[in-house]
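Notes follow once the structure below has been shown.
The structure presented is a predicted model; accordingly, all values stated were derived computationally and were not measured.
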Amino acid sequence: MNFEIPPGLTDLLQEFTVAVLRARPTDLEAFAANYFNNLNEKKNGSCKTNTIRFQAEENSTSPYVKNESSFDDDEEEEIAVPPSYRDRRKSVSAERYDPEADDDADFSKVIHPKSDDQRKRLSNAIRHILLFRSLDPEQMQDVVDAMFEKEVTPDDVIIQQGDDGDNFYVIDSGNYNIFVAVSGKEKLVGAYNGEGFFGELALMYNMPRAATIKATTKGTLWALDRQTFRRIVLKTAFQKRKKYEKLIEGVPLLKSLDMYERMNVCDALSSKTYGGGEKIIAQGDQADCMYFVEEGSVRVAMLNTADPKAKEEKEISRVEPGGYFGELALVTRKPRAASVYAVGTTKVAVLDVHAFERLMGPCMQIMKRNIDHYESQLAQIFGDESKVSHLR
């Protein structure tokens with residue numbers, strides 16, 4: 001029986017991994033228990049389905065994985081991590097890497113020659129991978145150069161639970177099952193069908209493989225060696241977090257988020273630069289993201305569509321560095337209520353709608369309250385509150 005990876009599971013585990021890398025806890029199990037309990041409380045229980053929570057008992061040395069997904073019947077089952085995983089010496093080859101302190105001067109680029117067809121297939125396979133989103137073109141080229149093709153056949157074991165992490169894998173083709181050891185037996189907990197990636201967690205925080213992945217059909221994988229992954233992907237992710245931390249700290253809206261939630265917002269942001277006068281948001285368009293101003297400023301202008309005589313936009317406000325805009329349409333799930341233009345060269349950090357819905361829950365009440373402020377502003381500008389109440 002095949003099962004799909006639950007939506008959001010990969011992002012959830014990536015966010016947890018980043019939290020671990022940031023905090024570097026001495027007691028990983030206790031840290032994980034607190035992390036997911038806090039996340040669960042923040043979401044008011046809405047994320048219990050289709051997620052994996054890691055739990056640790058106060059006086060026990062045996063961590064458990066609590067399976068609350070729809071992989072099996074409605075029963076809850078504790079999956080004990082086998083001694084070979086729990087007690088083994090940490091990976092010898094998994095050397096510690098500090099992306100802030102370590103000097104990469106001695107790092108030699110790895111290049112595996114590829115045909116044009118291979119490069120095209122590889123580019124298609126990795127273009128939507130969140131881990132690569134913050135890479136610049138040169139870094140992405142280094143990643144593409146370093147990846148090598150691996151052909152697999154049915155029943156091939158790609159990674160084995162408890163082994164040291166050697167490669168990060170991206171699926172080009174084929175189907176793969178995911179197994180976790182349960183009472184000495186392998187339990188099927190999920191599957192990849194023709195797309196996806198795996199193996200990053202062991203590389204990111206120096207832990208043995210947490211699951212076994214086997215091929216169920218013929219297929220092709222792209223593999224990236226441990227050193228290249230850590231020196232490029234991990235370091236870039238770290239630098240990106242540092243870059244956005246200062247921006248996030250200065251945004252009053254995000255004060256209601258705890259440290260880990262703010263860090264997750266940092267990881268989800270991407271930068272974009274606009275020239276002076278360039279339109280960032282068009283009134284009436286569907287919303288797909290919100291923005292934080294990094295450098296420069298923007299002006300918000302609106303054409304009062306409720307007034308058939310209105311022909312020109314009126315400026316409503318300006319947003320300076322540390323401010324944000326574009327959240328209104330995401331909150332109300334309506335088209336953009338105004339247009340936004342760059343004032344001079346302006347750099348913004350973009351949070352897409354999927355990350356917004358996943359991360360901004362604790363800020364939602366603040367944003368909803370802001371709607372009253374927006375309506376009051378517009379009523380003063382246009383002189384008729386009835387014509388601007390469509391914001392609700």
Count I, L, V, M, F, W, Y as connected when their side-chain heavy atoms are under 4.5 Å apart, and connections chain through other members. Are Tyr324 and Val343 then in the same cluster? no
Under a 4.5 Å side-chain heavy-atom rule over Ile, Leu, Val, Met, Phe, Trp and Tyr, are Phe148 and Phe168 clustered together? no
Identify the heavy atoms of [X] and [Y] that sit nearest to each other, and give their distance.
X      : Y      : result
Val300 : Ala338 : CG1-CB, 3.8 Å
Glu313 : Ser339 : OE2-OG, 3.3 Å
Ala146 : Leu224 : CB-CD1, 3.6 Å
Tyr341 : Gly277 : CD2-O, 3.7 Å
Thr153 : Ala215 : O-CB, 3.5 Å
Ala342 : Ile280 : N-CD1, 4.1 Å

Would you say [X] and [Y] make side-chain contact, with heavy atoms under 4.5 Å?
X      : Y      : result
Asp142 : Thr228 : no
Val298 : Ile281 : no
Tyr291 : Tyr274 : yes

Please test Phe292 against Leu247 for side chain to side chain contact (heavy atoms under 4.5 Å, CB included), starting from the C-alpha separation and ending with a verdict. CA-CA 8 Å; Phe292 299 89; Leu247 173 67; 4.1 Å; yes
Val293/Phe325 under side chain to side chain contact (heavy atoms under 4.5 Å, CB included): CA gap, chis, key distance, verdict: CA-CA 8 Å; Val293 180; Phe325 60 94; 3.8 Å; yes
Separation of [Y] [atom2] from [X] [atom1] (nearest 0.5 Å):
X      : Y      : atom1 : atom2 : value
Asp288 : Leu351 : CG    : CG    : 11.0 Å
Lys150 : Asp172 : NZ    : CG    : 14.0 Å
Ile213 : Leu221 : CD1   : CG    : 9.0 Å
Gln139 : Phe132 : CD    : CZ    : 11.5 Å
Arg230 : Leu203 : CZ    : CG    : 7.5 Å
Cys289 : Glu327 : SG    : CD    : 11.5 Å

Between [X] (side chain) and [Y] (backbone), is there a donor-acceptor pair under 3.5 Å?
X      : Y      : answer
Gln283 : Leu303 : yes
Thr346 : Ser297 : yes
Thr216 : Asn175 : yes
Asp225 : Gln227 : yes
Glu149 : Gln118 : no
Thr212 : Gln161 : yes
Ser173 : Thr220 : yes

Report the relative orientation of the aromatic rings in Tyr176 and Phe198; use parallel for angles under 30°, tilted for 30 to 60°, perpendicular for over 60°. tilted
Applying the side-chain hydrogen bond (donor to acceptor under 3.5 Å, both in side chains) criterion to Asp145, which one of Lys114, Lys109, His112, Arg119 satisfies it? Arg119
Candidates Asp163, Asp164, Asp166 - the one meeting side-chain hydrogen bond (donor to acceptor under 3.5 Å, both in side chains) with Arg209: Asp166
List the steps, then state whether side chain to side chain contact (heavy atoms under 4.5 Å, CB included) holds for Val144 with Ile126. CA-CA 9 Å; Val144 171; Ile126 68 176; 3.9 Å; yes
A quick test of your reading: do over 12 heavy atoms of other residues, nucleotides or ligands sit less than 6.0 Å from CD of Glu320? yes
Is it true that, when you exclude Glu278 itself, more than 12 heavy atoms of the residues, nucleotides or ligands shown sit nearer than 6.0 Å to its CD? yes
So, Asp117 and Arg121, do they make that salt bridge, N to O below 4.0 Å? yes
Carboxylate-amine/guanidinium contact Lys218 Asp156, below 4.0 Å: no
Working note: Leu254 + Met360, criterion side chain to side chain contact (heavy atoms under 4.5 Å, CB included); need CA distance, chi angles, decisive distance, verdict. CA-CA 8 Å; Leu254 303 180; Met360 300 296 281; 3.5 Å; yes
